[in-house]
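Working notes, beginning with the structure itself.
Numbering starts at 1 and runs along the sequence shown.
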Amino acid sequence: MKKSRLAVLSFALVFGLCACVSAGEKQIRIGLCMASLDTFLSSMADAAVARAAELPGVELTLMDAQDDSVRQTDQANTFLNDVDVLIVNVVETSAAQPIVDQAARVAKPVVWVNRNPFFGKDVPPNNYVISSNSLLEGANGMEYAGGLMGGKGNIIILQGTLGHEAATNRTEGVRMVIREKYPDIKILAEETGNWFRDQGMTVTENLITSFGDQIDAVLSNNDEMALGALLALQVNGMGDVIVVGVDGTNDGITSVANGGLAATAYQDPFAQGAGCVDIAVKVVNGEKVEPLTRLPVEVITKDNVAEFQKRLAK
């Protein structure tokens, strides 16, 4: 139950919510469409399920799209026939519109969690977003890496699945910091590893073949690819290359503590999972909810990882 308590505490601290959100007398049916159940998203889904179980009168059903946009659209349409509110962790942000349109036709609210399909645009009526700031996740990680590099050198970027808001904006955050703060840092290559550790390793091995010891740092869109890159570098005798991830998974944080990853930009899966359920319940109960809720971004490094681990263990 530690994760569930952390979810409630974290969300309450950020948004000033009370420790319990009342669902009242009304039975509220929630459909949760997850893009997949990878390491990070599983933690978020677990927190959503745990939060719903704490609320009287709330029933949550989860479906896993297994990273298939067509499957997710079908699952969302099925849910929209039966639930009071839909929560979506979208597979591809560019494929969100059919869900938006169908929800509007049946007049059902949608809460988008973790991945914001409306980045840079107004959130449509009866739609709500709770997420971290992907641009800052990439930017803050690059700022830290750039400091370690002394403001010069060469990097490679490992991107998540193309078309994802997080992949697009985390990558742009890295580029932005280089443009504005570190003009002497060069991007050697940007390649996609589709969020997976094994693909991150394979892509990095290929880039080592191409660039060798020109690589000073790897900026990865998530921890899984970063850990794959780290293994490839270590196998090739390049363990001194700086590797930075995003998410703050258990494996990512442990790697930082053990001197593997240099840093990871933490986005709180427990606060997002609990928060999307809280928002869904508020919307159904007719309470006022802001269309966009942003969670803060923290960078976990060797200097603060021990304190961070203690915090997560509470």
Side-chain angles (χ1 to χ4, degrees), residues 14 34-36 38-41 44 67 69 72 88-97 99-100 111-124 127-146 155-182 185 187 189-196 199-200 203 217-226 229 243-249 252 263-269 271-272 275-276 290-300:
V14 175
M34 294 298 300
S36 70
D38 65 16
T39 302
F40 176 81
L41 296 179
M44 191 173 72
D67 276 323
S69 289
Q72 185 169 68
V88 182
N89 166 241
V90 69
V91 173
E92 293 182 46
T93 49
S94 57
Q97 195 59 46
I99 299 174
V100 174
V111 179
W112 303 85
V113 62
N114 181 250
R115 297 168 182 170
N116 179 4
F118 315 114
F119 190 87
K121 299 180 288 187
D122 291 336
V123 179
N127 284 260
Y128 306 86
V129 177
I130 174 170
S131 69
S132 184
N133 188 321
S134 299
L135 194 70
L136 282 183
E137 288 163 356
N140 291 358
M142 185 63 236
E143 283 206 29
Y144 183 74
I155 71 165
I156 61 174
I157 300 175
L158 294 182
Q159 296 176 291
T161 304
L162 301 181
H164 284 211
E165 176 270 331
T168 300
N169 286 300
R170 288 172 189 172
T171 299
E172 178 54 29
V174 172
R175 295 193 201 110
M176 179 180 71
V177 169
I178 289 173
R179 286 195 306 267
E180 297 177 359
K181 190 169 182 178
Y182 298 123
I185 291 178
I187 300 172
E190 299 177 9
E191 299 288 344
T192 180
N194 292 305
W195 307 116
F196 294 112
Q199 293 188 37
V203 169
V218 177
L219 276 293
S220 173
N221 284 175
N222 77 338
D223 284 349
E224 284 296 292
M225 294 186 298
V243 183
V244 174
V246 175
D247 280 342
T249 62
T264 177
Y266 182 67
Q267 58 160 340
D268 193 334
Q272 291 183 60
C276 67
E290 292 298 320
L292 178 60
T293 300
R294 285 286 198 198
L295 288 156
V297 176
E298 299 176 80
V299 177
I300 304 172

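Checking side-chain atoms of Tyr182 against main-chain N and O of Glu143 turns up a donor-acceptor pair under 3.5 Å. No donor-acceptor pair closer than 3.5 Å links the side chain of Thr264 to the backbone N or O of Tyr266. Ser220 contributes no side-chain N or O that, together with a main-chain N or O of Val244, makes up a donor-acceptor pair within less than 3.5 Å.
For the pair Met44 and Met34, the minimum side-chain heavy-atom distance is below 4.5 Å. Residues Val123 and Trp112 are not in side-chain contact: their nearest non-hydrogen atoms beyond the backbone lie 4.5 Å or more apart. Between Val100 and Gln97, the closest side-chain pair of non-hydrogen atoms falls below 4.5 Å.
Evaluation of the ring-ring contact (aromatic ring centres under 6.0 Å, His included) rule for Phe196 yields no partner, not counting sequence neighbours. Not a single side chain to side chain donor-acceptor pair (under 3.5 Å) links Asn116 to another residue, sequence neighbours left out. Not counting sequence neighbours, the partners of Asp247 by the salt bridge (Lys or Arg N to Asp or Glu O under 4.0 Å) test are Arg170.
A side-chain donor from one of Ser132 and Glu137 sits under 3.5 Å from a side-chain acceptor of the other. Under the 3.5 Å distance criterion, with hydrogens and angles disregarded, a donor-acceptor pair is assigned to the side chains of Glu165 and Ser134.
Between Thr161 and Ala167, the closest heavy-atom pair is O-CB, 3.5 Å. Nearest approach of Asn222 to Met225, heavy atoms of both residues: OD1-N, 3.0 Å. Thr192 and Asn194 make their closest contact through OG1-N, 3.2 Å (heavy atoms, listed as atom of the first residue, atom of the second, distance). Residues Asn221 and Ile157 approach most closely at ND2-CG2, 4.5 Å, considering heavy atoms. Pairing each heavy atom of Asp223 with each of Gly252, the nearest pair is OD2-CA, 3.6 Å. Scanning all heavy atoms of the two residues, the minimum distance from Thr93 to His164 falls at OG1-C, 3.7 Å.
The only member of Thr171, Ile155, Val177 that meets side-chain contact (heavy atoms from CB on, under 4.5 Å) when paired with Leu219 is Ile155. The residue from Arg294, Arg115, Gln267 that alone fulfils the side-chain hydrogen bond (donor to acceptor under 3.5 Å, both in side chains) condition with Ser131 is Arg294. Each of Asn169, Val297, Val174 was evaluated against Leu135; a single residue qualifies, Asn169, per the side-chain contact (heavy atoms from CB on, under 4.5 Å) test.
Distance CG/Leu41 to CG/Asn114: 6.0 Å, rounded to 0.5 Å. A distance of 7.5 Å separates CG in Leu162 from OG1 in Thr168, rounded to the nearest 0.5 Å.
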message = Gln272 vs Asn89, test: side-chain contact (heavy atoms from CB on, under 4.5 Å). Steps then yes/no.
response = CA-CA 10 Å; Gln272 291 183 60; Asn89 166 241; over 6 Å; no
query = Is there a side-chain contact (heavy atoms from CB on, under 4.5 Å) between Asp38 and Glu224 once you walk through the steps?
reply = CA-CA 9 Å; Asp38 65 16; Glu224 284 296 292; over 6 Å; no
